[in-house]
Amino acid sequence: MDSDDNRVLVTGATGTVGSRVVGALADWAGTVRAATRDPDETSVSAADETVAFDFERPETWGPAFEGVDRLFLVRPPAISRVGESILPAIDAAGRVGVEHVVVLSVLGAENIPLLPHRRIEKHLQGSSLDWTFLRASFFMENLVETHGQEIVERGELVVPAGDGATSFVAADDVAAVGTRVLTASGHRNRAYDLTGPAALTYHEVAATLGTVLDHDVQYTEPSLLEFVRHSRIGRPWGLTVVMVGLYTTARLGLAERVSVDAERVLGRPPTALAPWAGANRDAFEATGARVS
Ligand SMILES: NC(=O)c1ccc[n+]([C@@H]2O[C@H](COP(=O)([O-])OP(=O)(O)OC[C@H]3O[C@@H](n4cnc5c(N)ncnc54)[C@H](OP(=O)(O)O)[C@@H]3O)[C@@H](O)[C@H]2O)c1
């Protein structure tokens, strides 16, 4: 049974999944320490403690890891050279008493040796630490955070995914699994594929969002080149490149695998797109209002 002597450090605690992990750990008997690069600017109110932590500033690691026995590890999207930052941070965590690292990884990571997430996984598998890998599919939240404005204002979903289907998962479900594996026994040294209950094409996504949001939403189905041209305005080039890579995966049918792992861990089916969209109606509308 976990007690007050247990302490988890949640990295990425201000981000999509980490913030939800912090929130979901509210009833846990142990201590929840949230990591952010700028604790003076950012308060993570649901956490018991907030600490300065930067994978690229080793001087922050010691104070952040002190007294911690488990770690929720989010690879920041901007860090691709994990060998100079995240891998040595994991080693430092192990030296000062961290026993279990739960990694937010990517569906299919096991097949992509050069993927930063896979390098983190391999490093942990070769260490004396316990690990759990959460190999998550595409987050439903991307639809509101990245595409919400176009969906609400222009009624368009512009992604170069062709007819490929994607097994979208809700970030709340990823966080719920993360919380469970951090706090319950029986999940160490396992990898879970976290998907929603179904794989959907973007035609189906547009139709679902149109119905739930009561907007006309069209999937414009751009070619890769058309998408790059479309993205030139208002989106950083690096992000466009990442998006082309991600949506090419979907286009090729490599994002459509549906897994039962989330249901096995949670004891309930993962959230489907329509109820997720219903619960996020205000977030979609706010995305449009922000620029009007
Ligand atoms: N989006 C998807 O569909 C999807 C699906 C599967 C897996 N993933 C993976 O999930 C991860 C991203 O998770 P997310 O979407 O929850 O995060 P996010 O919302 O993109 O937030 C990034 C987090 O990283 C922190 N951060 C940035 N630079 C940092 C640094 N140098 N050191 C320490 N922390 C730093 C930020 O905190 P501060 O700014 O407060 O420091 C922030 O909390 C990526 O590895 C991505 O590949 C994403």
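For ligands, and for the atoms within them, numbers begin at 1 and follow the listed sequence.
Of all atoms in ligand 1, listed by their number and element, those nearer than 4.0 Å to a heavy atom of Ile79 are 31 (N). Listed by number with element, the atoms of ligand 1 under 4.0 Å from a non-hydrogen atom of Ser137 are 5 (C), 6 (C). Residue-ligand proximity, Pro77 to ligand 1, at heavy-atom distances under 4.0 Å covers atoms 20 (O), 22 (C). For ligand 1, the atoms closer than 4.0 angstrom to any heavy atom of Phe138 are 3 (O). Near Val74, meaning under 4.0 Å from one of its heavy atoms, ligand 1 places the atoms 11 (C), 12 (C), 13 (O).
Exactly one residue among Arg180, Arg70, His100, Arg188 makes a side chain to side chain donor-acceptor pair (under 3.5 Å) with Thr132. That residue is His100.
At a cut-off of 3.5 Å, with distance as the only test, a side-chain donor of Asp173 or Thr271 sits close to an acceptor on the other residue. Side-chain contact annotation: Glu156 with His147, donor-acceptor N/O pair under 3.5 Å absent.
Cluster annotation: Leu200 is connected to Met140 through the hydrophobic network of ILVMFWY side chains, with a link wherever side-chain heavy atoms come within less than 4.5 Å.
Residue contacts with ligand 1, taken as heavy atom pairs separated by less than 4.0 Å, do not involve Pro116 at all. At a 4.0 Å heavy-atom cut-off, ligand 1 touches Val17 through backbone and side chain alike.
The nearest protein atom to atom 39 (O) of ligand 1, hydrogens excluded, is given as Arg37 NH2, 2.6 Å; this is a heavy-atom distance. Remark: minimum distance from atom 47 (O) of ligand 1 to any protein heavy atom is reached at His117 NE2, 2.8 Å. Nearest protein heavy-atom contact of atom 34 (N) of ligand 1 is Pro76 CG, 3.8 Å. Among all non-hydrogen protein atoms, the one lying nearest atom 23 (C) of ligand 1 is Gly12 CA, 3.8 Å. Phe139 CD1, 3.3 Å is the protein heavy atom nearest to atom 2 (C) of ligand 1. Of the protein's heavy atoms, Asp54 OD1, 2.8 Å lies nearest to atom 31 (N) of ligand 1. The shortest contact between atom 37 (O) of ligand 1 and any protein heavy atom is with Thr14 OG1, 3.0 Å. Remark: minimum distance from atom 44 (C) of ligand 1 to any protein heavy atom is reached at Arg75 O, 3.2 Å.
Heavy-atom separations between Ala78 and ligand 1 are all 4.0 Å or longer. Heavy atoms of Val106 come nearer than 4.0 angstrom to ligand 1 in at least one pair. Ligand 1 does not have Thr42 within reach: every non-hydrogen atom of the residue lies 4.0 Å or more from it. Under a 4.0 angstrom heavy-atom cut-off, Arg135 registers as lying outside contact with ligand 1. Residue contacts with ligand 1 include Ser105, since one or more of its heavy atoms lies under 4.0 Å from the ligand. Ligand 1 lies out of reach of Ala35, whose nearest heavy atom is not under 4.0 Å from it.
When only interatomic distances are considered, the shortest N/O to N/O separation between Gly15 and ligand 1 falls below 3.5 Å.
Among Val169, Leu104, Thr36, the residue whose heavy atom sits closest to atom 10 (O) of ligand 1 is Leu104. The option from Val44, Leu246, Asp38, Thr16 that lies nearest to atom 15 (O) of ligand 1, judged by heavy atoms, is Thr16.
Between the side chain of Thr11 and the backbone N or O of Val74 there is at least one donor-acceptor pair closer than 3.5 Å. Between the side chain of Glu141 and the backbone N or O of Ala171 there is at least one donor-acceptor pair closer than 3.5 Å.
Residues Ile151 and Phe284 are in side-chain contact: their nearest non-hydrogen atoms beyond the backbone lie under 4.5 Å apart. In this structure, Ile120 and Ile90 have side chains that are in contact, with non-hydrogen atoms separated by less than 4.5 Å. Side-chain atoms of Val51 and Leu9, non-hydrogen and from C-beta on, do get closer than 4.5 Å to each other. Side-chain contact between Arg135 and Glu121 is present, with at least one heavy-atom pair separated by less than 4.5 Å.
Taken from CZ in Arg95 to CG in Asp91, the straight-line distance is 6.0 Å, to the nearest 0.5 Å. The distance from the CD atom of Gln218 to the CG atom of Asp216 is 5.0 Å, given to the nearest 0.5 Å.
Classification of the Phe53-Phe55 ring pair by plane angle, with boundaries at 30° and 60°, yields perpendicular. Relative ring orientation between Tyr219 and Tyr202 is described as tilted, the plane-to-plane angle lying within the 30° to 60° band.
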